[in-house]
Structure formats: C-alpha cells, structure tokens
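As structure tokens, the structure follows; a few thoughts come after it.
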Amino acid sequence: MLSSCTSHPKPNHNPNPNPNPRLHFTLKPTSQNPQTSQLISNPLRISQAMQVSTSCFTGSTDPTTISGRPVLTNSVPESGDPNSSSLVVISFYKFADFPDHANLRKPLKRLCEELRVSGGIILAPEGINGSICGTRESVERVLGFIQSDERLKGLRQIESPVSPEEEAIHHGHTSNSPLAAGEDAPFRWDHVRVKLKKEIVTLGMPTVSPIERVGKYVKPREWNALISDPDTVVIDVRNDYETRIGKFKGAVDPVTTAFREFPSWVEDQFQNDKTTHKESKVEITDEITDKEVGSPEKRMPKRVAMYCTGGIRCEKASSFLLSEGFEEVYHLEGGILKYLEEVPKKESLWEGECFVFDKRVSVEHGLVQGTFKLCYGCKQPVSDADMESPLWEYGVTCPYCYSSKSEEEKERARARQRQFKTWGIIGGPDKGRRPRSKPDGINESFTKLSNS
C-alpha cells in the first residue's frame with residue numbers, strides 16, 4: 001500500500017507561500033476571464049505495432065481491492081456496451097515526493113488492463129506522467145485510483161478528443177483483422193505500459209526540483225500580452241523535430257535533440273550571475289534575433305517566457321532557470337495544447353502545428369488532428385511534401401533519417417514492415433517468439449515415444 005502522507009500542501013489548500021505562484025500579469029489587460037487550465041504532457045511515443053480485440057468486455061461487478069484501494073473490475077459502463085461509448089484521451093502529470101513509486105506499478109497496470117485502458121505511464125521518485133485512452137468511465141476510474149494517494153491528488157490533466165474515424169478504427173477491427181487496431185489509431189488500444197524511471201521528464205539534473213519552486217504560470221488568454229512585450233525573451237523548450245512543424249511567433253528555438261541539452265544551451269546563450277567569471281563559450285548570434293537579450297556583459301534577459309507541449313518540461317526548465325539566477329521566469333499553463341484549445345485561431349500567435357506523442361502526430365487549433373504523419377524509422381513528423389522525396393520509404397526512412405541509417409538498419413526496418421503488412425503486428429502472430437504449441441506432427445511423435 002502506498003503511503004498517504006504528503007510533504008507539501010494539498011491542492012487549493014495553501015496556508016504557506018505558494019512555491020508555484022500564479023501570474024498576475026497586466027501588460028495588456030484582457031476583458032476575457034480565463035478558464036481553469038490543466039497541464040499535460042505526453043513524452044511517450046506509441047509503437048507502430050498494434051492488435052486489439054473488440055469482443056465484449058467481461059468481468060465481475062463485485063468490488064475488488066488493489067493495493068488496498070477498492071475498484072470495480074467490470075469495465076462495462078453502466079450505460080451498456082462499451083463499444084457504444086465514446087473514447088477519450090487524457091494526458092496528466094504531477095510532481096510529488098514519491099520514493100515508493102515502484103509499489104504502484106503492478107496494481108496500476110493490472111487495473112488499466114482490466115478496464116481496457118491503453119497508453120503509457122511513467123512512475124518516478126519525482127512523481128507521475130502519462131497519457132491514456134479508453135471509455136470516459138474507465139479512464140476516470142484509473143485517474144481516481146491514482147489520486148487515491150494523497151501525494152498524487154490534483155493531477156494536472158488535459159483531455160483530447162478522439163475522432164469518429166479513430167473510434168471506427170478501434171471498434172471495427174478484431175484481433176484477427178489484418179489491420180489490427182489500424183495504423184491511424186491514436187493508441188495501441190490493447191496495450192498499456194507502466195514504466196519505472198529516474199525522472200518523469202528527463203533533464204539529468206537531480207538537484208532541479210519543481211516541487212520546491214517553479215516559474216509563474218501564465219493563462220493561455222494572457223500569453224499573447226506577455227510574449228508581445230519587447231522585454232520578454234520567448235523560449236521554446238521542445239526538441240528540434242517538434243519546433244520544425246510549429247512554434248509561437250518570435251520564439252527562440254534552442255535546436256536541441258533532447259531535453260537534457262537545455263541546461264547547456266542556457267549556459268552558452270545567457271551570461272548569468274553564476275557564469276560571469278567564465279569566458280563566454282559563444283557569442284549571441286543570429287540564432288537569437290527575434291528578441292534582443294543585450295550585450296555579452298549583460299546577457300541575462302529581463303524576462304523569460306517558456307512554453308512546451310503540455311507544460312511538464314517548462315516546470316523543470318523554469319525551476320532550472322530560477323536556480324541559475326534568472327529573476328522573472330514565466331511559463332504557459334497547460335502548454336501549447338491548452339492554448340490551442342482556448343485561444344481562437346484569429347487571435348492566435350501560434351504558427352504551424354503542434355507535435356504530440358501519439359498516433360495523431362500533430363494537432364491544430366481546437367485540438368483537431370493535423371496533417372503530419374509519422375516516420376516509423378525515426379519517429380519524426382513528416383509532411384506530404386516529405387513523403388514525395390526519393391528518401392522516403394514507408395516504415396523505413398524519411399528525409400530526416402535516411403542518411404543516418406545503415407543499409408542493415410534499413411533492411412531490418414523493411415522486414416518489420418513486411419511482418420506488419422502481413423500479420424497486422426510486428427513479429428507475426430507469435431510476435432517474434434517461439435510458438436507456444438508444437439506442430440501436430442511433433443506432438444503425435446512425442447506422444448508415441450512417451451507411451452513406448
């Protein structure tokens with residue numbers, strides 16, 4: 001059983017100064033009242049291989065106890081057949097002091113499997129991060145089970161719609177279908193992964209703790225005023241394959257390939273109080289042209305505003321900047337996804353599409369599915385124009401990974417693609433494992449030898 005004790009105040013109960021202050025920003029007052037924002041992230045990539053059974057979900061309606069918590073094993077919504085219920089995708093996270101996180105893995109995975117909830121969840125000493133899909137009732141049960149631990153109450157979450165087409169893909173295919181769950185389904189419907197890691201989002205700096213302090217949250221409706229101020233340096237803390245397909249107008253792109261590169265980029269670009277005694281590694285170049293940050297002697301910007309997909313990376317990035325001596329650090333509450341959900345396109349400063357870590361690949365305003373597809377060779381987004389390139393080979397390479405892959409790697413990818421095309425799942429019907437039962441001829445011979 002997980003401990004119910006907590007080392008920090010419960011949500012909405014704050015007798016002490018809030019380590020996560022809300023923004024009271026008045027550069028450009030707005031008459032619109034911001035709605036409650038929720039933060040998400042989904043740093044998980046979903047596998048190409050899929051298989052699902054859409055037979056009726058069965059189970060007892062008697063309550064059972066998992067890790068000391070009562071849950072219902074029945075996955076059928078009270079309204080009837082689960083296939084008639086709409087699906088929902090919810091991403092969530094929470095930073096918390098969670099040293100016994102491993103205790104949650106097995107009961108959480110078992111519950112998700114019983115309720116036919118799919119997706120991916122990361123557990124770490126610093127909290128939880130995940131994105132799951134299922135019927136609304138099933139997903140809410142899983143989230144309720146997670147939050148039955150006091151330390152994980154108040155999950156930051158955001159809901160994304162599942163299109164009728166995606167639901168048809170899910171509900172229309174059985175485990176015997178060559179297409180399985182379909183390549184365009186947003187998740188592997190029959191599969192959930194619950195992983196144990198050192199961090200729920202990897203920065204590689206254990207001393208940086210969003211539990212202790214983070215920057216000031218900015219509501220989506222207030223974001224335009226903040227980033228339009230000339231004294232604000234806007235930084236996109238996502239990776240290069242994400243920023244390539246969309247970002248906010250005037251934002252600085254660090255061009256990182258992984259989040260753990262962000263601290264080095266900050267050190268290179270900004271001369272803060274902790275590095276003034278060091279020789280500058282790089283000069284401010286044309287890379288930061290949209291927002292001036294001053295001369296090399298005063299390279300620390302007056303104000304920094306950061307954003308990411310759903311907010312989780314900004315929590316760590318803002319905590320890191322504060323530890324480095326930056327004074328005014330803001331970040332977009334709910335991330336790009338909440339902004340695209342709440343801010344009308346005609347008022348938006350967002351340009352392009354937003355990469356997401358599931359089969360949708362990208363979303364646009366209103367969180368409708370975007371136009372990009374996924375290269376299964378490198379898991380990067382590709383456009384229609386990219387797929388016209390001679391370097392594009394479905395399931396193998398794209399213009400962004402062709403030159404980095406050896407012929408041996410390409411051949412392995414082609415073999416996987418042939419398996420998927422033939423069987424609907426990589427590895428064939430036995431998923432690459434030795435068949436459980438031997439051929440009939442072998443069984444008969446073994447029986448005769450045993451009886452002799």
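Not measured: the values here are computed from a predicted model.
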Taking the side chain as C-beta and beyond, is there a heavy-atom pair between His191 and Ser118 under 4.5 Å?
no

Contacts of Asp231 meeting salt bridge (charged side-chain N to carboxylate O under 4.0 Å, His left out) (sequence neighbours excluded), chain-then-number -> Lys302

Partner set under salt bridge (charged side-chain N to carboxylate O under 4.0 Å, His left out) for Glu113, not counting sequence neighbours:
Lys109

List the steps, then state whether side-chain contact (heavy atoms from CB on, under 4.5 Å) holds for Val363 with Leu337.
CA-CA 8 Å; Val363 295; Leu337 295 180; 3.7 Å; yes

Taking all non-hydrogen atoms of both residues into account, name the closest pair between Glu347 and Tyr339 and its distance.
O-OH, 4.2 Å

Going by the rule salt bridge (charged side-chain N to carboxylate O under 4.0 Å, His left out), which residues pair with Glu353 if we only count those two or more places apart in sequence or in a different chain?
none

Ser131 and Val89: which non-hydrogen atoms are nearest, and at how many Å?
OG-CG1, 3.9 Å

Do side-chain atoms of Lys373 reach the backbone of Val361 as a donor and acceptor pair under 3.5 angstrom?
no

Which heavy atom of Cys375 sits nearest a heavy atom of Thr397, and at what distance?
SG-C, 3.8 Å

Walk me through it: do Trp265 and Val255 pass the test side-chain contact (heavy atoms from CB on, under 4.5 Å)?
CA-CA 9 Å; Trp265 179 83; Val255 197; over 6 Å; no

Test item: Glu341 side-chain N/O and Leu367 main-chain N/O as donor-acceptor pair under 3.5 Å:
no

Give the intermediate values and the outcome of side-chain contact (heavy atoms from CB on, under 4.5 Å) for residues Lys219 and Glu342.
CA-CA 10 Å; Lys219 297 288 187 181; Glu342 292 190 359; over 6 Å; no

Shortest non-hydrogen contact from Ile128 toward Leu152
CG2-CD2, 3.9 Å

Sub-4.5 Å side-chain heavy-atom contact between Arg141 and Glu114
no

Please list, chain by chain and in numerical order, all residues satisfying side-chain hydrogen bond (donor to acceptor under 3.5 Å, both in side chains) with Glu140, sequence neighbours excluded.
none

Taking Arg260 first and then Glu199, would you say they form a salt bridge - that is, a charged N and a carboxylate O separated by under 4.0 Å?
no

From the list Val234, Asp229, Val233, side-chain contact (heavy atoms from CB on, under 4.5 Å) with Arg303 holds only for Asp229

Using 4.0 Å as the upper bound for N to carboxylate O, is an ion pair formed by Glu393 and Arg414?
yes

Glu242 and its salt bridge (charged side-chain N to carboxylate O under 4.0 Å, His left out) partner, picked from Lys379, Lys247, Arg313
Arg313

Leu322: which residues meet the side chain to side chain contact (heavy atoms under 4.5 Å, CB included) condition with it, sequence neighbours left out?
Arg213, Val329

By salt bridge (charged side-chain N to carboxylate O under 4.0 Å, His left out), which residues pair with Asp386, not counting sequence neighbours?
none

Evaluate the side-chain proximity of Cys354 to Thr309: yes if any heavy-atom separation is below 4.5 Å, no if none is.
yes

Please report the C-alpha distance between Asp236 and Thr243 in whole Å, then the side-chain angles of each, then the deciding distance to 0.1 Å, and finally whether the side-chain hydrogen bond (donor to acceptor under 3.5 Å, both in side chains) criterion is met.
CA-CA 8 Å; Asp236 192 323; Thr243 60; 5.5 Å; no

Centroid-centroid under 6.0 Å between Tyr241 and Phe355 rings:
yes

Is there a side-chain hydrogen bond (donor to acceptor under 3.5 Å, both in side chains) between Gln417 and Tyr376 once you walk through the steps?
CA-CA 9 Å; Gln417 187 59 28; Tyr376 292 110; over 6 Å; no

Heavy-atom closest pair, residues Cys401 and Gly377:
SG-C, 4.5 Å

Evaluate Arg238 against Ile336 for side-chain contact (heavy atoms from CB on, under 4.5 Å), listing each step before the verdict.
CA-CA 11 Å; Arg238 301 174 302 155; Ile336 303 164; 3.6 Å; yes

Given side chains that start at C-beta, do those of Glu324 and Phe270 come closer than 4.5 Å, heavy atoms only?
no

Would you compute the distance between atom CD1 of Ile227 and atom CD1 of Ile235 and round it to the nearest 0.5 angstrom?
13.0 Å

Non-neighbouring partners of Ser209 that pass side-chain hydrogen bond (donor to acceptor under 3.5 Å, both in side chains), sequence neighbours left out:
none

Do His331 and Tyr307 have their ring centres less than 6.0 Å from each other?
no

Sequence neighbours left out, what passes side-chain hydrogen bond (donor to acceptor under 3.5 Å, both in side chains) with Arg412? Give chain and number order.
Glu408

What's the spacing between Glu212 CD and Ser319 OG if we round to 0.5 Å?
7.0 Å

Exam field: side chain Arg105 to backbone Val194, donor-acceptor pair closer than 3.5 Å:
yes

Shortest non-hydrogen pair, Pro301 vs Phe326, comes out as CD-CE2, 3.7 Å

Contacts of Pro99 meeting side chain to side chain contact (heavy atoms under 4.5 Å, CB included) (sequence neighbours excluded), chain-then-number -> Asp97, Arg151

Main chain of Gly352, side chain of Trp350: is a donor-acceptor contact present, judged purely on distance under 3.5 Å?
yes

Could you tell me which residues satisfy side-chain hydrogen bond (donor to acceptor under 3.5 Å, both in side chains) with Glu261, sequence neighbours excluded, listed by chain and number?
Thr257

Please verify the inter-ring angle class for Phe259 with Phe262; under 30° counts as parallel, over 60° as perpendicular, anything in between as tilted.
parallel

Considering residues at least two apart in sequence or located in another chain, which fulfil the side chain to side chain contact (heavy atoms under 4.5 Å, CB included) criterion with Pro263?
Leu203, Met205, Phe320

With rounding to the nearest 0.5 angstrom, report the CD to CD distance, Glu315 to Glu333.
9.0 Å

Answer whether the closest heavy-atom distance between the side chains of Ile146 and Leu108 falls below 4.5 Å.
yes

